[in-house]
Amino acid sequence: MVSTIIKNKNLTFLFLIILLFELASIYFARFNYDGFHLGLILSSSYELENGKHIYKNFFYPYGILNLYLNTILLKIFNYNIFYLYIFYIQIYILGIILFYRLVKSIINIQFATFSIIILFLLHPYVLKPWHNYLLFFFVNFFIYLKFKNTLKNDLLASFILGISFLFSETFFLFSFLIFLLDLILSYKFFKFKNIFYKFIIFFSPFLIFFIYLHYFELYSHWL
């Protein structure tokens with residue numbers, strides 16, 4: 001009975017914190033103007049839509065899938081960047097929920113609630129529709145799947161890790177280092193053929209990306 005009451009209180013508090021994240025981010029998005037960063041998002045999407053090539057015709061260092069995602073969303077909403085904010089706010093909140101569930105499963109519900117409070121105090125709203133929020137979501141999703149400790153979830157985690165750098169190229173080197181550590185740890189739990197599957201799934205996004213670069217003769221520009 002007591003544990004149920006505590007659980008309900010913590011879930012209610014989690015809902016209130018998430019609501020604060022949502023409202024604070026939407027409020028800030030209505031008034032924020034960043035001519036450089038927001039301009040870079042808009043101009044890059046405009047260039048891509050008009051047949052220009054990333055890396056060759058314009059500079060966008062934050063991940064090719066991030067660019068395509070932004071372009072699709074902006075096109076849907078008639079290039080109104082406010083709606084791009086709305087999307088990234090939801091991505092940030094999904095990352096927070098995954099983080100909460102992860103801490104809850106590792107430690108306990110009280111510590112998970114406390115962690116969310118700390119996170120809110122450190123970063124209470126989305127500053128801009130930026131690739132870092134996508135990376136925050138992917139990293140939390142990767143760790144969450146790893147703690148499920150099943151082959152299916154582990155393979156999905158490898159794909160999430162592999163595709164993350166296409167949304168945030170600053171994660172390029174770190175994704176390799178994390179995967180290397182993951183392979184070392186996974187060797188104790190999975191058969192060799194499953195390790196091989198992990199290897200193929202992780203490197204598939206990299207392979208497709210480099211095929212794309214060579215097909216459009218963009219590799220030297222990207223490099």
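Hydrophobic clustering keeps Tyr27 apart from Tyr125 (ILVMFWY residues linked when any side-chain heavy atoms are closer than 4.5 Å, directly or through intermediates). Val139 and Phe172 end up in the same hydrophobic cluster when Ile, Leu, Val, Met, Phe, Trp and Tyr side chains are linked at under 4.5 Å. When the side chains of ILVMFWY residues are joined at heavy-atom separations under 4.5 Å, either directly or via intervening members, Leu121 and Phe99 end up in a single hydrophobic cluster. Ile117 and Leu102 fall within the same hydrophobic cluster, defined by Ile, Leu, Val, Met, Phe, Trp and Tyr side-chain heavy atoms under 4.5 Å apart, directly or through other members. Linking Ile, Leu, Val, Met, Phe, Trp and Tyr residues whenever their side-chain heavy atoms come within less than 4.5 Å places Phe147 and Phe138 in a single cluster.
The CD1 atom of Ile97 lies 10.5 Å from the CZ atom of Phe15; values are rounded to the nearest 0.5 Å. How far CD1 of Ile54 is from CZ of Phe216: 12.0 Å, rounded to the nearest 0.5 Å. Note that the CD1 atom of Ile72 and the CG atom of Leu84 stand 11.5 Å from one another [nearest 0.5 Å]. Here the CD1-CZ distance, from Ile26 to Phe82, works out to 6.0 Å after rounding to the nearest 0.5 Å. Taken from CD1 in Ile64 to CG in Leu48, the straight-line distance is 8.0 Å, to the nearest 0.5 Å. Atom CZ of Phe210 sits about 12.0 Å away from atom CG of Leu218, to the nearest 0.5 Å.
Using modelled atom types and a 3.5 Å distance limit, the side chains of Tyr83 and Asn78 yield no donor-acceptor pair. Side-chain atoms of Asn70 and Tyr62 include no donor-acceptor pair closer than 3.5 Å.
Every residue two or more places apart in sequence or in another chain that forms a side-chain contact (heavy atoms from CB on, under 4.5 Å) with His37 is listed here: Asp34, Lys128, Trp130. Scanning for side-chain contact (heavy atoms from CB on, under 4.5 Å) contacts around Ile96 gives Phe21, Tyr92, Ile116, Leu119, Phe136, with sequence neighbours left out. With sequence neighbours left out, Tyr33 forms a ring pair (Phe, Tyr, Trp, His ring centres under 6.0 Å) with no residue at all. Residues passing the ring pair (Phe, Tyr, Trp, His ring centres under 6.0 Å) test with Phe58: none are found, sequence neighbours excluded. Applying the side chain to side chain donor-acceptor pair (under 3.5 Å) rule to Asn132 yields no partners; only residues at least two apart in sequence or on another chain are considered. Listed by chain and number, the residues in a salt bridge (Lys or Arg N to Asp or Glu O under 4.0 Å) with Lys52 are Glu47 (sequence neighbours excluded). Residues passing the ring pair (Phe, Tyr, Trp, His ring centres under 6.0 Å) test with Tyr85: none are found, sequence neighbours excluded. The salt bridge (Lys or Arg N to Asp or Glu O under 4.0 Å) test applied to Lys75 returns Glu49, not counting sequence neighbours. Take Ile107 and apply the side-chain contact (heavy atoms from CB on, under 4.5 Å) test, not counting sequence neighbours, and it matches Val103, Phe111.
Side chains of Lys146 and Asp182 form a contact here, defined as non-hydrogen atoms less than 4.5 Å apart. By the 4.5 Å heavy-atom criterion applied to side chains, Phe179 and Phe203 are counted as neighbours. Counting heavy atoms from C-beta on, the side chains of Leu14 and Ile18 come closer than 4.5 Å. Taking the side chain as every heavy atom from C-beta outward, Leu134 and Leu69 approach each other to under 4.5 Å. Looking at heavy atoms from C-beta onward, Leu213 lies out of side-chain contact with Leu223 at the 4.5 angstrom threshold. Using a 4.5 Å heavy-atom cutoff, the side chains of Tyr100 and Thr113 are in contact. Inter-residue side-chain proximity for Tyr133 and Leu127 is flagged as met; some heavy-atom pair is nearer than 4.5 Å. The shortest distance between side-chain heavy atoms of Phe87 and Phe77 does not fall below 4.5 Å.
Nearest approach of Phe167 to Ile163, heavy atoms of both residues: CD1-O, 3.5 Å. Nearest heavy-atom pair across Tyr60 and Ser44 is CD1-OG, 3.3 Å. Scanning both residues, Pro129 and Tyr88, for their nearest heavy atoms gives CB-CD1, 3.5 Å. Residues Val126 and Phe28 come closest through the heavy atom pair O-CD2, 3.6 Å. Closest approach of Leu161 to Ile178, counting heavy atoms only: CD2-CG2, 3.8 Å. The two residues Leu67 and Ser45 make their nearest non-hydrogen contact at CD1-N, 3.9 Å.
Among residue pairs with one or both ends in residues 155-176, those qualifying as side chain to side chain donor-acceptor pair (under 3.5 Å) are Tyr55-Glu169, His131-Ser168, Ser158-Lys198, Ser168-Thr170, Glu169-Trp222; sequence neighbours excluded. Sorted by first and then second residue, the side chain to side chain donor-acceptor pair (under 3.5 Å) pairs with a member in residues 206-219 read Tyr68-Tyr212; sequence neighbours excluded.
As a member of the Ile/Leu/Val/Met/Phe/Trp/Tyr network built from side-chain separations under 4.5 Å, Ile118 groups with Phe114, Leu122.
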Steps toward side chain to side chain contact (heavy atoms under 4.5 Å, CB included) verdict (Gln90, Ile86): CA-CA 7 Å; Gln90 310 320 310; Ile86 297 298; 3.9 Å; yes
Step-by-step side chain to side chain contact (heavy atoms under 4.5 Å, CB included) determination, Leu20 to Leu16: CA-CA 6 Å; Leu20 284 174; Leu16 292 174; 5.7 Å; no
Intermediate values then yes/no, ring-ring contact (aromatic ring centres under 6.0 Å, His included), Phe206 and Phe165: CA-CA 9 Å; Phe206 291 88; Phe165 98 96; 4.4 Å; yes
